[in-house]
Amino acid sequence: MSVAKTLTYWYSINKRDFPWRNTSDSYKIWLSEIILQQTQIKQGLPYYEAFISHFPTIFDLAKAKESDVLKLWQGLGYYSRARNLHATAKYVVENFNGHFPNTYKELIKLKGIGDYTASAIASICFNEQTAVLDGNVYRFLSRYYGIDTPINTTTGFKTFKTLAQDILDKDNPAEHNQAIMDFGSRQCSPSSPDCSICPFNKTCVAFREGLVSTLPIKLKAKKPVKKYFNFLVFVSDSGETILEKRKEKGIWKNLYQFPLIETEKDTDLNMLKSKLKAFTLLKDLDYELTLFNDKNIVHKLSHQHLHTKFWIISIKKLPNSGIPLNRIRDFAVPVLIEKFIEDFNF
DNA sequence: AATTCGGGGGG
DNA sequence: CCCCCAGAATT
């Protein structure tokens with residue numbers, strides 16, 4: 001039996017039911033694929049439900065404000081996905097009357113849709129013969145064929161993409177693509193898969209040669225950089241605070257935060273006081289400065305470790321216009337800020 | 001070809 | 001502490 005037939009047979013028995021399966025609604029497939037980029041199903045599922053509930057059609061999503069889309073995306077990370085999701089919804093409504101293009105070639109032109117997502121939508125929605133290549137597929141192919149080419153290189157991508165395309169079941173690309181991903185996710189799992197019950201354990205190169213735990217090969221990422229964040233949490237007598245929008249490119253673009261002072265090294269009370277003196281807005285105002293967290297809160301991102309202090313600035317009246325504390329939950333904020341808001345309990 | 005985008009969970 | 005996750009865009 002061919003590799004593809006074994007995969008689809010396994011899938012016919014082990015298929016899980018998800019709300020984006022058993023539909024060919026390209027809006028739902030697209031939404032699920034964007035949410036699931038670099039995201040486990042368990043984490044993404046509640047967000048998918050929330051988006052479908054708030055935006056049942058692409059027209060609803062296109063009509064929304066970006067701030068509302070980001071608020072709904074809050075906590076899921078990689079926020080460019082939400083911005084691109086919204087932009088593409090508007091684009092597809094404006095240019096295609098709400099209908100997604102039905103080929104890989106046209107889909108990949110859209111913001112937020114790369115090789116994987118274009119292949120997924122084209123095959124699942126329109127039965128185009130184009131193989132998906134995600135982390136699960138890399139793992140299965142590298143183990144089954146015993147390929148030690150690093151997967152996070154240009155050569156690795158070409159090698160595995162070609163192989164995935166070669167073994168694609170041309171008669172049923174939609175089922176095949178979902179089968180190979182589900183198989184990689186659940187049977188050919190990253191750590192300690194149960195190869196004793198694997199339908200490929202007679203032919204898998206990695207199993208035969210004892211390489212299951214070493215494949216796939218991935219080049220190591222460089223170490224994350226340390227940063228020092230000081231958030232200024234203003235609290236006025238009238239119950240207002242200050243949030244600002246992050247407009248620069250970089251992390252958390254278009255999300256909100258308390259006014260931020262980033263420093264080269266860890267900051268103590270006196271250092272921060274001298275920093276605040278540079279704020280002309282605060283010059284003639286009377287305020288009390290206290291540190292909320294004695295130890296730094298370390299928020300870990302893929303490429304940055306944020307050593308964070310929250311400074312409480314109690315003040316009679318804000319230097320410029322603020323927002324009422326009971327409105328704070330209307331703004332999309334990073335998880336780091338959200339956790340503080342819950343802990344501080346204004 | 002490298003780097004940068006988040007956050008949660010497993011071992 | 002390491003790793004991985006239904007990757008894409010930018011440099």
Side-chain angles (χ1 to χ4, degrees), chain A residues 11 16 18 20-21 28-48 70 73-85 87-88 107-121 123-124 131-140 142 150-158 160-161 164 174 176-186 188-193 213-225 227 246 248-255 298-306 332-339:
Chain A
Y11 187 59
R16 290 172 292 176
F18 292 122
W20 52 84
R21 286 187 172 160
K28 292 182 176 176
I29 302 296
W30 165 68
L31 175 62
S32 73
E33 295 300 348
I34 302 298
I35 286 175
L36 293 176
Q37 285 167 6
Q38 289 293 285
T39 303
Q40 298 188 155
I41 289 175
K42 184 177 179 184
Q43 188 188 5
L45 186 54
Y47 286 83
Y48 175 85
L70 283 171
W73 198 273
Q74 178 180 308
L76 196 55
Y78 285 162
Y79 296 94
S80 66
R81 288 185 293 170
R83 299 191 301 269
N84 287 334
L85 183 84
T88 292
L107 285 163
I108 203 170
K109 295 177 182 174
L110 301 175
K111 281 186 182 177
I113 297 184
D115 174 77
Y116 164 77
T117 306
S119 297
I121 298 173
S123 61
I124 295 171
V132 294
L133 180 55
D134 74 337
N136 299 310
V137 178
Y138 275 120
R139 186 169 51 253
F140 168 65
S142 69
I151 61 174
N152 53 341
T153 59
T154 305
T155 305
F157 172 77
K158 288 179 184 167
F160 287 99
K161 180 76 182 179
H176 172 95
N177 277 336
Q178 297 180 80
I180 193 171
M181 288 190 284
D182 235 26
F183 184 86
S185 170
R186 304 181 61 203
C188 197
S189 53
S191 65
S192 49
S213 63
T214 62
L215 292 175
I217 303 292
K218 195 172 187 178
L219 270 36
K220 288 193 189 306
K222 59 178 216 177
K223 297 210 166 174
V225 296
K227 293 191 173 183
R246 293 182 63 96
E248 330 78 53
K249 56 185 167 186
I251 60 171
W252 304 331
K253 186 182 175 189
N254 290 2
L255 273 67
V298 183
H299 189 71
K300 295 181 177 181
L301 308 180
S302 307
H303 292 80
Q304 303 177 22
H305 286 182
L306 310 177
V333 297
V335 164
L336 174 61
I337 302 292
E338 176 67 19
K339 284 181 176 168

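To find a chain, count down the sequence lines: A is the first, B the second, and so on, and within it residues start at 1. All heavy atoms count here, side chains included; hydrogens, waters and symmetry mates do not.
Considering only heavy atoms from C-beta on, A:W73 comes within 4.5 Å of A:I34 through its side chain. Between A:Y79 and A:W252 there is a side-chain heavy-atom pair separated by less than 4.5 Å. Residues A:Y11 and A:H176 have side chains not in contact (no heavy-atom distance under 4.5 Å, counting atoms from C-beta outward).
Residue contacts for A:G75: at a heavy-atom cut-off of 4.0 Å it reaches the sugar-phosphate backbone alone, with no base atom in range. Among the heavy atoms of the strands lying under 4.0 Å from A:G250 are primed sugar atoms or P, OP1, OP2 only; no base atom is included.
Residue whose closest nucleotide on DNA chain B sits further toward the 5' end, between A:L219 and A:L76: A:L219. Nucleotides of DNA chain B nearest to A:K339 and A:S192 differ in position, and the one nearer the 5' end is that of A:K339.
Distance alone, capped at 3.5 Å, places no donor-acceptor pair between the A:K339 side chain and the A:P334 backbone. The backbone N or O of A:I29 lies less than 3.5 Å from a partner atom in the side chain of A:S32, making a donor-acceptor pair. Proximity of a side-chain donor or acceptor of A:Y47 to a complementary backbone N or O of A:Q74 within less than 3.5 Å is detected. Counting only distance, with no hydrogens or angles, the side chain of A:S123 and the backbone of A:S119 share a donor-acceptor pair below 3.5 Å. Listed for the A:R81 side chain is no donor-acceptor partner under 3.5 Å among the backbone atoms of A:G112.
Separating the CD1 atom of A:I251 from the P atom of B:dT3 is a distance of 18 Å, rounded to the nearest angstrom. Rounded to an integer number of Å, the gap from A:K222 NZ to B:dA2 P is 12 Å. Between A:H299 atom NE2 and B:dG6 atom C1' the separation is 7 Å, expressed in whole Å. A straight line from OH of A:Y47 to C1' of B:dG7 spans 9 Å, rounded to a whole angstrom. A straight line from CD1 of A:I337 to P of B:dG7 spans 10 Å, rounded to a whole angstrom.
In secondary-structure terms, DNA chain B builds stems of at least 3 consecutive Watson-Crick or G-U pairs, each pair having both distances under 3.5 Å, at B:1-5 with C:7-11, B:7-11 with C:1-5.
Paired with A:K253 under the rule side-chain contact (heavy atoms from CB on, under 4.5 Å), one option of A:R246, A:E248, A:R83 passes, and it is A:R83.
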**OP:** If a protein heavy atom is under 4.0 Å from the base, mark B; if only from the sugar-phosphate, S; if neither, -; do that for nucleotides 1-11 of chain C going 5' to 3'.
**Re:** S-SSBBBSS-S
